[in-house]
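Down below is the structure, laid out as structure tokens.
We name chains A, B, ... by the order of the sequence lines, and we start the count at 1 in each one.
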2 protein chains.
Amino acid sequence: MPTTPRPADFKLTGLTGTLRCCQLFSGLSAEDLMVIAGFVVVQKLAKDEYLFHEGEPARGCYLVQSGAINVHRVSAIGKEQVIHVFRSGESFAEAALASPTGYPANARAVEPSTVLIIPKAPILELIGRRPDLALRMLGSMSSHLRVLVGMLDDLTLKDVETRLLNWLVKHSPTSTGGTIRLPGTKRVLAAELGTSSETLSRTLGRLRDQKLIAVSGKEIAVRNLPALQGMLRRNLGEH
Amino acid sequence: MPTTPRPADFKLTGLTGTLRCCQLFSGLSAEDLMVIAGFVVVQKLAKDEYLFHEGEPARGCYLVQSGAINVHRVSAIGKEQVIHVFRSGESFAEAALASPTGYPANARAVEPSTVLIIPKAPILELIGRRPDLALRMLGSMSSHLRVLVGMLDDLTLKDVETRLLNWLVKHSPTSTGGTIRLPGTKRVLAAELGTSSETLSRTLGRLRDQKLIAVSGKEIAVRNLPALQGMLRRNLGEH
DNA sequence: GGGATTGCTTGACGCAGGTCAAGGCGCGCC
DNA sequence: GGCGCGCCTTGACCTGCGTCAAGCAATCCC
């Protein structure tokens, strides 16, 4: 029954578009999407603003509409361990839905961002009625588990050089190399790799000396991607 | 309609007992338990026998009936990183249900063990009909996520001494201390703590010298739990 | 009983990488 | 322009811990 669209309807149809595009909800029926859009809360975050802190009671789970959210833990001495940076279309904190305890980590916007908050109660109710949604949630959490498992051996089984090589290979734009523009400062990259900015600097320096890359400011030019890949494989393959 | 119990019935009622006792299925109706018991596969494992390897296509998820299963990853150089040791009543590899990729880790019996294999297809079908079961699965996976997150800062934010202190405090039977009997060898404990048996030995030695614990064979007697807790807090609190 | 095996302890050594400190460079701001 | 302030780089140093190797104690098995 089409009537003149009111602002709220515009908002809803816009939201369903976002919802449809994400892994978690893609393929759901239009009605279900509308239901979800009906209870979702939009929140805008400034750069460096916190979405939630460790231990806070969980409101629900989240979907990044734009920007980037850094999920991390911090030790008693203030050292920060990045768990993952979630970007547009990705969902996180599904674990918070199913357990009565608070968030196990912190979430902060790396840049100005918009996230959709999916409140606990109504989404749980919907999951109860839509078993396939439950399976998707399971799938999404299982991929997060995989990310964490991946981090584990990153941190325990590899040295800084190998982790950096891996990062460079993953972020090279073309198959021959190309130049990568750092999203943040080098200190941030160092944190993401689980090291200090000094060690990162030295490691980059060593690769530069071998003419494998060129560094200038926030630009890293990958000169010889195949060589980097070979080096990575060698580092993984033997000692 | 009671008839003379056949062996298969005995088997089924025995299984439902096991199923009822575990976190994942406790509270399910008797019929549901029977359904699950109907498709569960019992597998016995000798010490050091593998249940599955990384990359293998997933059969389903698992429930430990007796014994202990070490879930771990291994790097290209053969170094082993323990993710978790699951014991009687615990379930694992739920993540494998929801994703088409293979297992992300290896599982091996630490001691002679019995596990129940819960095959993928029938349990997924049941989840589709029992939404509360889906929520339990979500809950279980979310607690595994928490374990992994916990491991992360164990590995990145603490040294071996702190990890050992944490382990001792967690495993002390009484509030004043008491004695802990190691389930496996010290080498296994060392692996669980992410270190070598030599370093573990040294660290235990240091605590012994300070009269905080006494070690004899597989028995660790905690002489002064409050002091251990204080030391732990101090290690976490400052440098 | 006596070799062989397995696990634990201890010493010696090396190394990756964290920390401290001292420049150098770019950039905005008065 | 001069000045201060982040950021990066580099050197010097230190330390935790992994590895190698040797010495014991307990257990097993012929």
Quick one: [X] [atom1] to [N] [atom2], roughly how many Å, whole number?
X: A:Leu189; N: D:dT9; atom1: CG; atom2: C1'; answer: 15 Å
X: B:Glu161; N: D:dT15; atom1: CD; atom2: C1'; answer: 14 Å
X: A:Leu193; N: C:dG18; atom1: CG; atom2: C1'; answer: 15 Å
X: A:Leu164; N: C:dA16; atom1: CG; atom2: P; answer: 16 Å
X: B:Asp159; N: C:dT19; atom1: CG; atom2: P; answer: 13 Å

Considering all heavy atoms, the nearest A:Ile220-A:Leu168 contact: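 Taking every non-hydrogen atom into account, CG2-CD2, 4.1 Å.
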
Mind telling me whether A:Tyr103 and A:Tyr62 have parallel, tilted or perpendicular rings, with 30° and 60° as the class edges? tilted

Who pairs with B:Ser197 by side chain to side chain donor-acceptor pair (under 3.5 Å), at least two apart in sequence or on another chain?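 Expected list: B:Arg187.
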
Once side chain to side chain donor-acceptor pair (under 3.5 Å) is applied, do any residues pair with A:Ser66, and if so which ones, sequence neighbours excluded?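 For A:Ser66 the side chain to side chain donor-acceptor pair (under 3.5 Å) partners, ignoring immediate neighbours, are A:Thr114.
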
Strictly below 4.0 Å, N to O, side chains only: are B:Glu49 and B:Arg108 in salt-bridge contact?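 Judged by the 4.0 Å cut-off on N to carboxylate O distance, B:Glu49 and B:Arg108 do not form a salt bridge.
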
Note: A:Glu219-A:Arg181 ion pair, threshold 4.0 Å (strictly below):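 A:Arg181 and A:Glu219: salt-bridged.
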
For the side chain of A:Lys186, starting at C-beta, report the closest nucleotide among C:dA16, D:dC8, C:dG7.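 Output: D:dC8.
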
Note: contacts of residues 195-219 of chain A with DNA chain C (heavy atom, under 4.0 Å) are A:Thr195, A:Ser196, A:Glu198, A:Thr199, A:Arg202

